[in-house]
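Notes for the one structure printed next.
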There are 2 protein chains.
Amino acid sequence: MSIKNFGIGALSRETGCNIETIRYYERIGLIPEPPRSNGGHRSYSHDHLRLLAFIMRSRALGFSISEIRQLLSLIGNDKTCEQVQSVTVRHLKEINRKIEELTRLRSVLESAADKCAGGIATDCPVIDILYENA
Amino acid sequence: MSIKNFGIGALSRETGCNIETIRYYERIGLIPEPPRSNGGHRSYSHDHLRLLAFIMRSRALGFSISEIRQLLSLIGNDKTCEQVQSVTVRHLKEINRKIEELTRLRSVLESAADKCAGGIATDCPVIDILYENA
DNA sequence: GCTACAATCTGTAGTCGCTACAGGTACAAG
DNA sequence: CTTGTACCTGTAGCGACTACAGATTGTAGC
């Protein structure tokens, strides 16, 4: 499998990326169209596999498709690392923001759920919070 | 404004919920259709406002629309608090899971971004991680 | 009443990132 | 050749919205 090309199913299994997602990525231009067999089947090379694996790892790290486009466009530039860091730091800030928000939400909900401990009361503290005076 | 009805724009301003989102919620049955003026304009009561405020607070706390439907269906039941706690605890578990995941992602990215500190290298640690041997 | 402007209506389509068919063709194994 | 699997294109849908376009209604000022 080092030189030999392979089809979309094999690529899917190698990368963990759904077949339909692969075709979606091709449609939105994130990955290039591969050559086709005489029958019209896609024929992927090792480079395609590396690229898709890159994309899957980036998605796993939470980068959006737009950010991944940016990262891909940076590769090969002299300033790669500096600009990649910029994209990454921005992404990290977003992750921090989300963690803070979720931590805050957790705090509110835990506090309310604890007051539900009895389990029988007609007046429910969670509902009371959600039904704050309006 | 205690007895008087109001239009969708006023409801939007009072609740912070976008006009189009209000119509969307009505369309998906999350909120009831209000009565209309002779000209066809929606006419909302204070109860509508309270309900929508409930929904907006629930959304802010990260409950999905499906979960909000559940919460709304529980209101008025003798076992409200117990079942609300169940929905809430499930939601809390999901929040915990997301926090853990984001914390892990942050760790990976921070580690890689730190190695970018020089900013000039052609070989970029972030890109290297994403382009792990495939 | 008229005019001008803002508010509101319905219907449709799009965002993001997928995911799931339907109906047809290509490919591989026996 | 037959059978079963892989793959194709095109379309539509998911969740939670969001954004028009074109038309009608409502309000304020003259």
Side-chain angles (χ1 to χ4, degrees), chain A residues 1 4-31 33-45 48-49 52 54-72 91 94 98 101 105, chain B residues 1 4-31 33-45 48-49 52 54-72 90-91 94-95 98 101 105:
Chain A
M1 197 183 279
K4 185 175 174 180
N5 286 0
F6 41 94
I8 196 167
L11 184 67
S12 170
R13 287 185 291 273
E14 284 284 322
T15 57
C17 184
N18 202 2
I19 287 177
E20 288 164 334
T21 307
I22 295 173
R23 286 198 285 247
Y24 167 67
Y25 287 162
E26 180 187 306
R27 197 167 75 244
I28 64 174
L30 190 59
I31 59 176
E33 285 192 49
R36 300 290 183 106
S37 70
N38 287 337
H41 287 199
R42 292 168 173 80
S43 179
Y44 292 101
S45 66
H48 282 108
L49 188 148
L52 188 57
F54 177 99
I55 289 164
M56 293 305 284
R57 286 193 198 95
S58 304
R59 291 293 299 127
L61 288 173
F63 287 102
S64 69
I65 299 236
S66 177
E67 283 166 330
I68 293 170
R69 286 190 206 272
Q70 282 180 55
L71 292 175
L72 287 174
H91 186 46
E94 182 64 15
K98 282 177 184 166
E101 185 190 4
L105 296 188
Chain B
M1 199 183 282
K4 185 174 175 180
N5 287 0
F6 40 93
I8 196 168
L11 185 67
S12 169
R13 286 184 292 272
E14 283 288 320
T15 58
C17 183
N18 202 3
I19 288 176
E20 288 162 334
T21 307
I22 295 172
R23 287 199 284 246
Y24 166 67
Y25 286 162
E26 180 187 307
R27 196 165 77 242
I28 63 173
L30 190 61
I31 58 175
E33 284 192 49
R36 300 291 184 106
S37 70
N38 287 337
H41 285 201
R42 292 168 174 80
S43 179
Y44 293 100
S45 65
H48 282 109
L49 186 147
L52 188 58
F54 177 99
I55 289 164
M56 292 304 284
R57 284 192 200 96
S58 303
R59 291 291 301 129
L61 289 172
F63 288 102
S64 69
I65 301 242
S66 177
E67 283 167 330
I68 293 169
R69 285 191 207 273
Q70 282 181 54
L71 292 175
L72 288 174
R90 203 184 321 146
H91 185 48
E94 180 64 15
I95 290 182
K98 282 177 185 168
E101 184 188 4
L105 296 187

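Chain A is the first sequence line, chain B the second, and so forth, proteins listed ahead of strands; every chain is numbered from 1. We use all heavy atoms of the structure for the numbers below, so side chains are in, but hydrogens, waters and symmetry mates are not.
- In this structure, B:Arg42 pairs ionically with B:Glu26, as a charged nitrogen and a carboxylate oxygen lie closer than 4.0 Å.
- The side chain of B:Ile65 sits closest to D:dA16 out of C:dC9, C:dC18, D:dA16.
- In terms of phosphate contacts, B:Thr21 brings no side-chain nitrogen or oxygen within less than 4.0 Å of OP1 or OP2 of D:dA16.
- Counting all heavy atoms, side chain and backbone alike, A:Gly9 lies closest to A:Ile19 at CA-CD1, 4.0 Å.
- Nearest-nucleotide assignment on DNA chain C puts the 5′-proximal partner with B:Ser43, out of A:Phe63 and B:Ser43.
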- Task: At under 4.0 Å between heavy atoms, which parts of nucleotides 22-30 of chain C does protein reach? Answer with one letter per nucleotide, 5' to 3': B base, S sugar-phosphate only, - none.
- Result: ----SS---
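- The separation between A:Ile28 atom CD1 and C:dC18 atom C1' is 9 Å, rounded to whole Å.
- Nearest heavy-atom pair, A:Glu14 versus A:Leu49, reported as atom, atom and distance to 0.1 Å: CB-CD1, 3.7 Å.
- At least one donor-acceptor pair under 3.5 Å links the side chain of A:Arg59 to the backbone N or O of A:Phe63.
- Atom CD of B:Glu26 and atom P of C:dT10 are 8 Å apart (whole Å).
- Of the possible donor and acceptor atoms, none in the side chain of A:His41 sits under 3.5 Å from a partner among the backbone N and O of A:Ile8.
- An end-to-end axis angle of 10° holds for the helix from C:dG1-D:dC30 to C:dG30-D:dC1, taken from five base pairs per end and rounded to 10°.
- A:Thr21 places no side-chain N or O within donor-acceptor distance of the main-chain N or O of A:Cys17, the cut-off being under 3.5 Å.
- The interatomic distance linking B:Arg13 (CZ) with C:dT8 (C1') rounds to 12 Å, in whole Å.
- Across the protein-nucleic acid pair, A:Phe6 atom CZ and D:dA6 atom C1' stand 16 Å apart, rounded to whole Å.
- Side chain of A:Ser45 to backbone of A:Asn5: no donor-acceptor contact under 3.5 angstrom is found.
- The shortest distance between side-chain heavy atoms of B:Ile22 and B:Tyr44 falls below 4.5 Å.
- Rounded to whole angstrom, the span from the CG atom of B:Asn18 across to the C1' atom of D:dA16 amounts to 12 Å.
- The side chain of A:Arg42 contributes no N or O atom lying less than 4.0 Å from OP1 or OP2 of D:dC7.
- Remark: C1' of C:dT8 and CZ of B:Arg36 are 10 Å apart, rounded to the nearest angstrom.
- In this entry the distance linking CG of B:Leu30 with P of D:dG15 reads 13 Å, nearest Å.
- Under 4.0 angstrom from either OP1 or OP2 of C:dC18 there lies no side-chain N or O belonging to A:Arg27.
- Residues A:Leu30 and A:Tyr24 form no side-chain contact, since every pair of their non-hydrogen atoms from C-beta on lies 4.5 Å or further apart.
- A distance-only check finds a donor-acceptor pair linking the side chain of B:His91 to the backbone of B:Leu61 [under 3.5 Å].
- Summary of the strand contacts: B:Tyr25 and A:Ile8 both lie near DNA chain D, and taking for each the nucleotide with the nearest heavy atom, the more 5' one is attributed to A:Ile8.
- The distance between atom OH of A:Tyr24 and atom P of D:dC14, rounded to the nearest whole Å, is 17 Å.
- At D:dG15, none of the side-chain N or O atoms of B:Arg69 fall inside 4.0 Å of OP1 or OP2 (strictly under the cut-off).
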